[in-house]
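A quick write-up on the structure given underneath.
Being a predicted model, the structure only gives us computed values, none of them experimental. Numbering of ligands and ligand atoms starts at 1, following listing order.
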Amino acid sequence: MDNQVEQIKQKLNIVDVINRYLPLKKRGRNHIACCPFHGEKTPSFTVSEELQIYKCFGCGKSGDIFSFLQEFEKIDFPEALEELAALAGVKLIKSKNYSKKELTKKTLLEINKEIAKFYNYILLKHPLGKDALDYLTSRAITSETIKEFNLGYSPSNPNYILNYLQKKNFKINDLIATGTFGKSQYNSHLYDRFQDRLVFPLANSRAQILAFSGRILPSSKKQNLAKYINSPETEIYHKSFNLFGLHLSKSAIRDKNAVIVTEGEFDMISLYQAGIKNTVAIKGTAFTEEQLQLLRRFTDTLILALDSDFAGAAASRRSIELADDLDFDIKVLILDEKYKDPDEAIKSDLNYFKKQLDQAVPIWDFIINSQLKINDPDTIKGKKEILKTVLPFLTKIKNLVIRSDYLKKLADELGSTPQSITQESQKYQQSPTKTPIPSKKKGEENKSPSLTEKMEELLLQLILGAKSPSKLAKKLEQYLLLIDNSRLNTIIKELLKTNKKFNANEFQQQLPAEFRSIFQSLFLNNTLKEIDSYQRSREIRKIVNKLSDYNIKQKMNQLNHQIAQLEKNGSQQDLEKVEKEYNQLLQQLAKIQSTKN
Ligand SMILES: [Zn+2]
């Protein structure tokens, strides 16, 4: 197994692997991007091709291709192994590698795939699916779209699908574990939860079908039942993690750097079919934190195409707060009231829809404006209502400048002063905002380094980021040897010993194990700042000057003490010697200070 992991690592380059998920930019010896694991707008996620590792200086996450994939796709190690093996073209030696849980997962995924295939066949090819197909046609859904989304119809009689699945030798217990089937209390026969419904497979971002949702047909006799139902939570399906359509739309979301968020399956499908592919459905009106984090991997812009009175609901307030915490730009698509939902607007006037999409307004403007529309800001009652709805949103804006801008705007609209609005807003500020950036890993949390230590680290970072770090180190040897810092000394010594061309990976192998992560951190940290070789040598000169300046001053201090001692009870000869030394240092110091800048 370890052997296979190594084999896969040999064949894959971390830069290519990560590039499949987020665009990396080459900078110096390394690559850089905005971190997919925490919200940020200035990149602090670095990748080293030489070391085949990544490290984020914002949230502290680091590792290799396996941990990246696990973290990014939210999968466990065996799944990451499988995916990367396929990518590398390495055939995995299977056998007892799978735990019982993993085997169950695999079986459920296989069954779901078969269920979707069967429902899709009934819908497209079988007379039993005719009503459902007619319904989709009436909603202008094409057969291409049906195929792409793998839509289906579950017949009223569950025996068809049960026969089909049992012929494939799936066990009854596994069928029940998918959530699609249940056992009747009366006769212990299996029933199909979705029978006589149009069925939408719910896939994860890797297109594995985890569950289903089913919509009742307008022609069905059972109109008293819920219009939509979902699979229950299962071993593989967790509702809060799911976004409908993401497996089809993720690359468009990344390309456009925006995602249009709709409520239901039909809205999402309709946008997608109209060529607006960067869209998902949240199946409801509020986001979960997991959904937002999932989307944040692909984009930092949310365009909400939700039911227009979502601003009133506490749940949506919470999701907007969460999205703001994750540094999303949040906009709202505004549609004319004559359209019930995005689906309807697209079908009657696609150009209008696209125009509105381009003119989506920032969420905070939307919230203020929508309240001004339904309440009269000139009456006391109206003012109160507006404040009650709007302030809880505005007081949660993370960015203080933006927050104060909108409080000012609200004050203007209400004919009040920003001060009194700010005062009023304090009533709404008690509840603490959450989602802090995860803290650094253990071991990295040493006490904050002194200024000198920081400069020494910076010097080493600059050297390690140069074209030939060992050559540069030799040039600066006299200064580097002055550095008295146990974290850095071992690395410096090793660097000065290196005679061949510097190779980061060989270099780290030569280091004692406990120094490797310090080295990796120094090596990747210099990716954060973009500098050319001229700036690099300028920076180095500055630090070297400062460090020697500091060093000389310290020595002079010591000599001063000695001189004071010798003046009391030393020989004239000794005193002269020390004074001479002192003067030499003084000259050195003057020289350094004259070359500054
Ligand atoms: Zn991060």
Open item on the list: Run F393 and Y406 through ring-ring contact (aromatic ring centres under 6.0 Å, His included) and show every step you take.
Closed with: CA-CA 10 Å; F393 279 99; Y406 277 103; over 10 Å; no
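Of all protein N, O or S atoms, those under 2.8 Å from the Zn ion (ligand 1) number 4.
The ring of F200 has its center closer than 6.0 angstrom to the ring center of F266. Aromatic ring centres of F212 and Y237 lie farther apart than the 6.0 Å criterion allows.
Ion pairing of D327 with R296 is absent here, as no side-chain N (NZ or NE/NH1/NH2) approaches a carboxylate O to less than 4.0 Å. Contact check on E539 versus R536 returns no salt bridge, with no Lys/Arg side-chain nitrogen under 4.0 Å from an Asp/Glu carboxylate oxygen. In summary, K497 and E494 engage in a salt bridge, as defined by a charged side-chain N under 4.0 Å from a carboxylate O.
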